Every structure is written in structure tokens, then in C-alpha cells.
Amino acid sequence: MKNISSVLFALSLLFGTKSLAQTLWLDDLDLSTMEIGWGTVQARKSVEGNPLTIGGQKFERGVGTHAVSTFMVNLGGKGKRFSASVGVDDEAGDKSSVVFYVLADKKVLWQSGVMKKGDASKRIDIDVRTVKLLGLLVTDADDGIDYDHVDWCDAKIELIAPRTKAQLTVRPPTLAPYVLTPKPSDLPRINGAKAFGVRPGNPFLYTIAATGKRPMKFAAKNLPKGLTLDESTGRITGTLDKRGEYVVTLIARNAPGQSELDLRIVSGDNISLTPPMGWNSWNCWAEAVDDAKVRAAADAMVKSGLVNHGWTYINIDDCWMVKPDAKDPVLAGSPRDSNGMINSNGKFPDMKALSEYVHSKGLKLGIYSGPGPLTCAGFTASYKHEVQDAQRFGEWGVDYLKYDWCSYSQVAKDRSLPALKEPYAVMRAALDKAPRDIVYSLCQYGWGDVWEWGAEVGGNCWRTTGDIVDTWSSMAGIGFKQAGHEKYAGPGHWNDPDMLVVGRVGWGPQLHPTRLTPDEQYTHISLWCLLSAPLLIGCDMSTLDDFTLSLLTNDEVLAINQDRLGRQARRLSNDNVRQIWVKEMEDGSKTVGLFYADDGKRTPVEYFGPWTKKVKMKMTLRGVDIGIKGKFRVRDLWRQKEVGVFEKETQTAVPYHGVALLRVWGTEKQ
Ligand code: GLA
């Protein structure tokens, strides 16, 4: 002991006490706990991987992120100064606007005021002595997160005494995943879409989704002429020549029993009478997608049992076509054949065979293109070849097309409504010529309030937002902003708040478990079901863990999404901490989501969970608020359990960023 203190004393004589001080760059810290609204946090690069540049000035060091972004540093009273130069990165779009804040122990120490693209960086240089927790925040300046690419440049912390990276990291307690979904019973239960649209003359494929002990046999009463049912697979195929509506009773039988369900088949102009359910390659594989991974997803859809809960589509996103400027020979080649028909790249040697493989499992195949010359990832798209591409998709046996704006900005005259609508109407007309029912999914990030006219240009669904990532800031930011869109959704035309980010995700080839907490994942699935949103699983299907599977196989929860009425939930109330959403159901009941969301208008301090969160928040459900007179019966959908019958109201404790998803029936004459 004596020796150490004399060494320290000698050192302090040599270098002064300053020798124990330490300077740490923000870009050297563990950034995995930084919240980000879009993309991935980058050290020494912008969020899109470019050199950090603010108002024309380049910086070597710093962190690129995207609003809404929060980060906490545990200075533990050892801090001295925090300095940085902040601003909107020059790569951002013109509409970017953000506010930077530095907080210390629940107090705002510094704020930038609204900053926009092109503004010179603002310099922060502040005293952080005695501060325990330092908070860095970038908000969207209350106008949405679009284009908000931001940088903390030259950001560094001076300390009076050394602290390790681990000591500086504030890691929220990891909550163990907890499964609420009960295991399906051995008795047959028919799930999935209860209404199915088909166009006369087009191939029909509907697979009865049913849980219960195998072997199981299927039957159908009142199946219209032209359709046949395979009694062992439950697949209904054929064609309907005439327009009309048929109520078919589906029957599933096994050793323990039997169950029945009425399926409404509508032969007419409308398809996708309930929101599409399936998988899409983007949120896991992105550019790393290939034929084998798509087949593996189809295999897993069946093997995991997801197919028995109504999951149907296997959708290939971007990157299946030729990339004109590719150096990789697998992606390079001739984008189209001599007749102008589109080619797939070397990773997809035979699209027709792939589609037959997917169909052989009772599933459906989706594909991706866009109206511009190139897709978002720089692959061949449909510009000036729309009719040929629709024809080719039809020949291949494609059942779903995601049509993504991307490079069409180079072609479009402007961003007026007619210019926004035009390319989508062109592809609609082309799809109408293909003798196949192809779900038409518009993707242009919500521009021009697409929900107001997506149905008019023939879309079956339309993205209402930019791209989702697996953070609370992104998922909740997107999900809760859907309030007000409900009047535009209905059978055959749905608002699409983007794909699911549960399970192992990552925009390939490296994947990671979703960064959403278990409660945030319950919120995600519950909210997407309430919103009647297309449900497209975004994770690697071959590594589904039990918790993720439990989120995707709760039939009472999925039935909310697939309800035949097709009414999207509306937001009943929002006090900026708690939100109540309600969805009208076909049987007259209501599904209610009580969310401890913490996502409304917030003070800077309220953006930081560790400073403000309660473990649970008490929430009250009152019958009158959801239009129910007298007593009401409540069922907890995740637990699939009756909660009780209540006179006027009932209370429940909702976990932080979590939800209580309840179905409510009035028990008196309404
Ligand atoms: C856009 C879309 C994403 C995905 C990528 C593919 O960003 O919004 O969903 O399709 O393009 O490049």
C-alpha cells in the first residue's frame, strides 16, 4: 500500500494531478445503447456511411445518428467538460429540421434551437463537473423524423479521473422475454383470413390455416363450382368464372374433434380483403438475399407452424435483379433479354422454379420493383417496361408486388399529386393485364398523403412512412403516428406502416436480435394488429426463438388484424404518456389497446426512460369511452383469458412501453 501511494505521489509530482485526467471521444464509447430513429448509429461516419459533413465542413471524428436519438453517459461525477460541433449532415434531405440538447441530471444545459440542412455547425463546450448522468438528445423539431440525419462531431468528454467504457455506459436493465401466448390446443381451430377476394378467371389459391393435432382432414360445404379442396393439405384451388359472393363453411377434423368456420369468398374486383400476412426479405437479408434464403423462409414458415396461423406470403424485396454497374459477376449481366423482359441476377437462377417451390407449400410469392430506372439499392427497375414486367411477374407466378418509388425522382416532373400518382396508375394498368391476382403494395414513404389516394390508383396497401428500424424511437414513432389514417383503410386497401422488426433482424448479412424490449415487441405486434396493417415478418425465419414465435402465433391477437370488417383502430386518447386505441370488430365487440407509450409531446427530460419511467402505469378503461352502454365483459387477448365483467370501468397496470390488449363485449342491449 505504502509503495503504491508513494508511486502515485511521485507521479503527481512529475505530471501534476492532471495526469489522472482523461479525454474520451464519443465515437470510442459503446454506442449500442444510442437510440436512433432510422438507420444504424455510425462512429466517424454519417448515418448513411459518408464522411461527417456539416454546412460544407468535414470532420474526422464524431458520431452520425438520426432523430429521434438519445444517449446517456454515466459520468458519475468525474466529468469536467463536454464539447462537440453539431448539426444536420449535408447528406440529409432539404426538409430536415432538428434540435440538439445536452442534459445533465435532468436539467437542460445546452440547446441548439432548430437546425436545418446547410446550417453551419454549432459549437458546444460546457462544464460538466459534478454531473452524474449526461444526456445527449436530438429531436425532430416536432415535424416528423424524415431526413433528420445528424452528427455529433468532434464530440469528446474530459474527465477528472479515468473511467472505463463500461462505467460510462448506461444500459437499461434487460428484461427477460416472457411468453404470454398459450400453446394451441389439440382441438382443431381454423385461423387466417375469413374473407377472400379473387378476380374471375384468375388462379385461386387459399390454404386453410388451422392449428390442432395432426393428422387433420379438411372439408368444405358450399364450395362454388370451379374450386376444389385437397382434403389433406387444406388447399383450395381452381378458378371462379363468374362474379359473386359465396359463404363456404370450412371444416377441420382430427382425432380430438372438429371445428368449422365460415369463409366469405368474393369473386369481383377486390383482392386482399384482409391485410396480407407473410414474410419479406428486406429487414433481415437486404442485399444478401438469394434463392436459398427465400426457400429457407418458405420451409420455416411451414416447419415452425406459422402457416397454421394464416401466414401466407414469402416476399422477395430489392436486389433480385441485375445491378447494371455491379463489379460482382453474380449481380452483373444483361438487365433484360432481347425482348425487353426482365432478368433475375445470378442469385436467383430460376424464378419460375422458386415460385413453384413456394406454391407447393401452399404459400404465395411476392416480388419487388419500382417505377424508376433503378431500385433503391441500384438494381434494374421497371421504368418504361411496366407492361413487360407485369407480364413476366405473372408468368413466374408472382402473387404480390411491392412497387418502390426510389429513383423515380429523377423521372418525375415534380412532387405534385398528379406526378406522384402517375407511375402507380401505370403499373396498376399493367398488372390488370396479367392473368393473376397480384397484391399491389405501393411504397413511396407516405408522400403526398398517399393514404388519401392510394386506393384510387389501385393500391391494395401503401406505405405511410419511411423505413422502420428495430428501435423504440422508430417503431413507436411510426406506429403511433398512424392516428387519423383510419378512415382510408378497409377491405382491399390498407395503410402500411412498414414491416415487423421482431426476431433476428439486421439488413444482412450480419443479423442481431431485435433491439426492442419484450414489452416493446408486444406493443409492436398489438399496434400493427389494431392498425389493420399488413403483417410482414422481417426476421430470419430459420432462427425463430420461442418468444418471437409466441408473438407471431397468438390466434386471438392475429384475429384482430384479420377481422372481416377491416376497420382500422382509432386513437381515443393520448395524454402524451398513455394512449388508448380502439378497433371496431365485426361481431360488435371492440378491441382496445392500452399503451404506456411515452411517445407524445415530451420535455427533453422525458425522452430519457431512466429519468422518467415507472415500471408500470395504471390505466383505466371505461365502457362509455368506447361506446359501450352498461356492463361489459373483458378478455385479455395475449393471455387468451377472461378478465371479468365490469359495471363502468376497469383498471389495469401496463408495463413501460408495453400494452394491455383487451377485447370488450357489451353484455347489455346496446
Ligand atoms: C426502400 C424501402 C424499403 C426497402 C428498400 C430496398 O428504402 O422503403 O422497404 O424496400 O427500399 O432498397
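All of these numbers come straight from a predicted model, not from anything done at the bench. We count ligands from 1, going down the list as the structure has it; atoms in each ligand are counted the same way.
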On the ring face of Trp285, is Lys293 found with NZ or CZ under 6.0 Å from the centre and within 45° of the axis?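 Yes, Lys293 lies over the aromatic ring of Trp285.
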Is Trp282 close to ligand 1, meaning an N/O of one under 3.5 Å from an N/O of the other?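 No, since none of the N or O atoms of Trp282 sits under 3.5 Å from an N or O of ligand 1.
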Checking the side chain of Gln579 only, and the main-chain atoms of Phe480 only, is there a donor and an acceptor separated by less than 3.5 Å?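 It does not hold such a pair.
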Closest protein heavy atom to atom 3 (C) of ligand 1, given as residue, atom name and distance to 0.1 Å: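 The protein heavy atom lying closest is Asp467 OD2, 3.5 Å.
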Steps toward side-chain contact (heavy atoms from CB on, under 4.5 Å) verdict (Trp462, His493): CA-CA 8 Å; Trp462 44 83; His493 50 97; 3.5 Å; yes
Could you tell me which atoms of ligand 1, counted from 1 in the order shown, lie closer than 4.0 angstrom to a heavy atom of [X]?
X: Asp318; answer: 6 (C), 12 (O)
X: Lys402; answer: 3 (C), 4 (C), 9 (O), 10 (O)
X: Asp317; answer: 4 (C), 6 (C), 10 (O)
X: Cys376; answer: 1 (C), 11 (O), 12 (O)
X: Ala377; answer: 12 (O)

Look at Arg463 together with Asp496 and state whether they make a salt bridge at an N to O cut-off of under 4.0 Å.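 Not counted as a salt bridge, because no side-chain N and carboxylate O are separated by less than 4.0 Å.
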For Asp432, is there an ion pair with Arg428 - N to carboxylate O distance below 4.0 angstrom?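 Judged by the 4.0 Å cut-off on N to carboxylate O distance, Arg428 and Asp432 do form a salt bridge.
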Tell me the contacting part of Cys443 for ligand 1: side chain, backbone, both, or neither, using a 4.0 Å heavy-atom threshold, strictly below.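 Answer for Cys443: side chain.
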Ligand 1 contact by Thr375, heavy-atom criterion under 4.0 angstrom: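 No; Thr375 lies far enough from ligand 1 that no heavy-atom distance drops under 4.0 Å.
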How about Tyr400 and Tyr368: are their ring centres within less than 6.0 Å of each other?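 No, the ring of Tyr400 stays outside the 6.0 Å limit from the ring of Tyr368, centre to centre.
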Is there a ring pair (Phe, Tyr, Trp, His ring centres under 6.0 Å) between Phe547 and Tyr522? Walk through the geometry before answering. CA-CA 10 Å; Phe547 176 66; Tyr522 279 115; 5.6 Å; yes
Between the candidates Asn283, Asn315, Asp404, which shows the shortest non-hydrogen contact distance to atom 2 (C) of ligand 1?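 The option holding the nearest heavy atom is Asp404.
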